[in-house]
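One is the number of the first residue; the rest follow in order along the sequence.
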Amino acid sequence: MPPWSAELAGRLDHHVIDSALLRGNPLGDPHRRPLLVYVPPGYDDEPRRRYPAVYVTQGYTGQVGMWLNHVPFRRSYPELADAVFAERRAPPAIVVYLDAWTSYGGSQYLDSPATGRYHSYLCDEIVPWVDARYRTLASRDHRAITGKSSGGYAAMVTPMLRPGVFGALATHAGDALFEVAYRPAFPARARLLRDHHDGSYPGFLADFRSRIAGTRPGDLELMEIYAYAAAYSADGDGTVRIPFDDTGAVVPAVWERWLAHDPVLMAARPAHAEALRSMRAIWIDAGDGDEYYLDFGAVAFRRAVQAAGVPGERVHFELFDAGHAGIEYRYPLALAWLCERLAT
């Protein structure tokens with residue numbers, strides 16, 4: 001496999017979006033964001049044809065330019081997606097790669113007073129922008145969202161929050177079942193704070209910003225928890241509430257705010273269960289050796305989807321032999337499956 005980009009059968013357009021919703025965000029992060037829009041082979045030859053659209057979200061620390069990176073002996077996801085359509089493994093679709101990075105490493109694709117309005121940015125700016133400039137089938141019944149890890153989290157919760165925007169989803173090892181995926185790590189994070197930052201998140205943040213990231217133990221682990229807290233448990237004034245104390249024990253009032261965002265628990269609420277029942281297609285998978293136990297999250301979310309009353313023929317569930325990393329080869333499988341259902 002050559003280590004440089006291959007020529008696509010379709011076309012990948014590079015844009016920059018000037019977001020009104022992200023302008024003036026609390027972190028001062030850029031409001032001008034890159035956006036990649038892929039059109040399949042034949043798009044320019046059939047000017048009257050319209051296409052389903054699939055929106056692709058990234059995991060924690062992801063930014064849109066990383067989709068173009070190559071790992072040894074593997075193609076990038078845009079190349080894998082292009083092959084799905086070039087080889088006619090699925091009906092053609094427009095694929096949209098968006099950016100929701102923050103200086104905490106990610107937004108969880110939620111609106112938060114600590115980071116900015118990334119959920120609204122996706123649903124109220126990006127989707128209409130694409131529909132206005134590309135020949136999409138501009139309906140939730142022909143629009144899906146897909147992603148892995150934090151991107152898989154976005155794929156689960158965004159359609160529950162906005163079923164009028166997205167009518168199908170695919171989640172690969174998405175953040176779910178917080179009691180299993182997040183809570184067991186709290187004592188280790190408290191110890192990192194105690195041993196290296198005087199037990200203080202302000203101390204950690206000040207230190208982190210004063211040097212090259214990743215040069216002290218636990219940098220990524222501590223920032224990751226802070227990013228999640230900024231998304232799940234920020235006060236109206238932007239104050240970020242951490243869900244554990246200096247012993248690693250849960251702070252109940254803050255933890256409840258996290259659980260309110262758990263896709264498994266969200267799915268049990270009547271409005272969200274109704275949203276799930278309206279989905280045309282739901283793909284759920286994870287590696288059975290996932291280091292963050294997101295395979296258990298996938299099982300729990302599948303059960304929640306079943307309990308919500310989603311017909312079994314609309315759901316694909318699979319555990320496969322893998323950990324959390326290196327599962328990009330799963331993305332085109334879900335993409336093809338979604339496109340078959342979106343095209344109907």
Side-chain angles (χ1 to χ4, degrees), residues 52-57 108-111 119-120 122-123 127 139-183 228 231-232 255-288 290 292-320 330-331 333-335 337-344:
V54 179
Y55 286 72
V56 184
T57 52
Q108 295 300 94
Y109 302 86
L110 296 174
D111 288 348
H119 169 77
S120 297
L122 165 58
C123 296
V127 169
S139 160
R140 55 90 67 185
D141 286 335
H142 301 285
R143 191 182 296 126
I145 182 170
T146 178
K148 174 202 167 187
S149 199
S150 287
Y153 173 82
M156 287 183 278
V157 302
T158 307
M160 284 195 277
L161 296 170
R162 298 292 289 272
V165 178
F166 292 100
L169 69 93
T171 175
H172 305 284
D175 294 11
L177 197 63
F178 289 1
E179 289 278 3
V180 173
Y182 290 157
R183 185 169 177 170
Y228 296 158
Y232 302 146
W255 182 237
E256 287 300 318
R257 295 172 70 180
W258 280 48
L259 293 179
H261 295 284
D262 186 334
V264 174
L265 301 180
M266 288 175 63
R269 298 174 198 148
H272 296 152
E274 181 180 358
L276 288 170
R277 287 192 296 273
S278 78
M279 293 296 111
R280 301 189 65 191
I282 298 175
W283 174 293
I284 307 164
D285 74 8
D288 59 10
D290 191 282
Y292 307 103
Y293 303 105
L294 295 173
D295 48 333
F296 293 132
V299 171
F301 186 63
R302 178 205 190 186
R303 290 175 180 168
V305 165
Q306 291 173 323
V310 180
E313 64 270 17
R314 296 187 202 167
V315 181
H316 176 94
F317 173 79
E318 188 176 353
L319 296 181
F320 51 92
R330 302 289 306 179
Y331 301 174
L333 303 178
L335 176 66
W337 189 83
L338 287 173
C339 289
E340 289 284 355
R341 284 143 186 85
L342 293 175
T344 304

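Counting only heavy atoms from C-beta outward, the side chains of T146 and H172 approach each other to under 4.5 Å. Taking 4.5 Å as the limit, some side-chain heavy atom of Y228 sits within range of a side-chain heavy atom of S150. Looking at heavy atoms from C-beta onward, T344 lies in side-chain contact with R280 at the 4.5 angstrom threshold. In this structure, F166 and M279 have side chains that are not in contact, with every pair of non-hydrogen atoms separated by 4.5 Å or more. A heavy-atom distance below 4.5 Å is found between the side chains of L342 and V54. At least one side-chain heavy atom of W283 sits under 4.5 Å from a side-chain heavy atom of R330. Residues V299 and F317 meet the side-chain proximity criterion, which asks for heavy atoms closer than 4.5 Å. Contact of the L110 side chain with the H261 side chain is registered, since non-hydrogen atoms from C-beta on lie closer than 4.5 Å.
Under the 3.5 Å distance criterion, with hydrogens and angles disregarded, a donor-acceptor pair is assigned to the side chains of W255 and E179. For the 3.5 Å distance criterion, the side chains of D111 and H119 fail to qualify, holding no donor opposite an acceptor. In summary, the side chains of E274 and H272 do not present any donor paired with an acceptor at a separation below 3.5 Å, with no hydrogens or angles considered. A donor-acceptor pair shorter than 3.5 Å can be found between the side chains of R140 and S278.
At distances below 3.5 Å, at least one donor-acceptor pair connects side-chain atoms of S139 with backbone N or O atoms of D141. Of the possible polar contacts, none joining the R314 side chain to the V310 backbone as a donor-acceptor pair under 3.5 Å is found. A distance-only check finds a donor-acceptor pair linking the side chain of D262 to the backbone of L177 [under 3.5 Å].
Of all heavy-atom pairs spanning A267 and A304, the tightest one is CB-CB, 3.7 Å. Nearest heavy atom pair, residue M266 against residue A260, reads CG-O, 3.4 Å. Heavy-atom minimum distance, A170 versus A155: O-CB, 3.3 Å. Closest approach of A308 and A273 over heavy atoms only: CB-CB, 3.8 Å.
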Task: Chi angles and distances behind the side-chain contact (heavy atoms from CB on, under 4.5 Å) call for V165, R143 - done: CA-CA 7 Å; V165 178; R143 191 182 296 126; 4.0 Å; yes

Task: Derivation of the side-chain contact (heavy atoms from CB on, under 4.5 Å) call for L122 and I145 - done: CA-CA 11 Å; L122 165 58; I145 182 170; 3.9 Å; yes

TODO: Begin with the C-alpha distance, continue with both residues' side-chain angles, and end with the deciding distance and a verdict on side-chain contact (heavy atoms from CB on, under 4.5 Å) for D175 and L294.
DONE: CA-CA 6 Å; D175 294 11; L294 295 173; 3.9 Å; yes

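Annotation: cation-pi pair R183/F178 absent, no NZ/CZ under 6.0 Å from the ring centroid and within 45° of its normal.
Between Y182 and Y232, the ring-plane angle classifies as tilted under the 30° and 60° cut-offs.
F296 CZ: 12 or fewer foreign heavy atoms inside a 6.0 Å radius.
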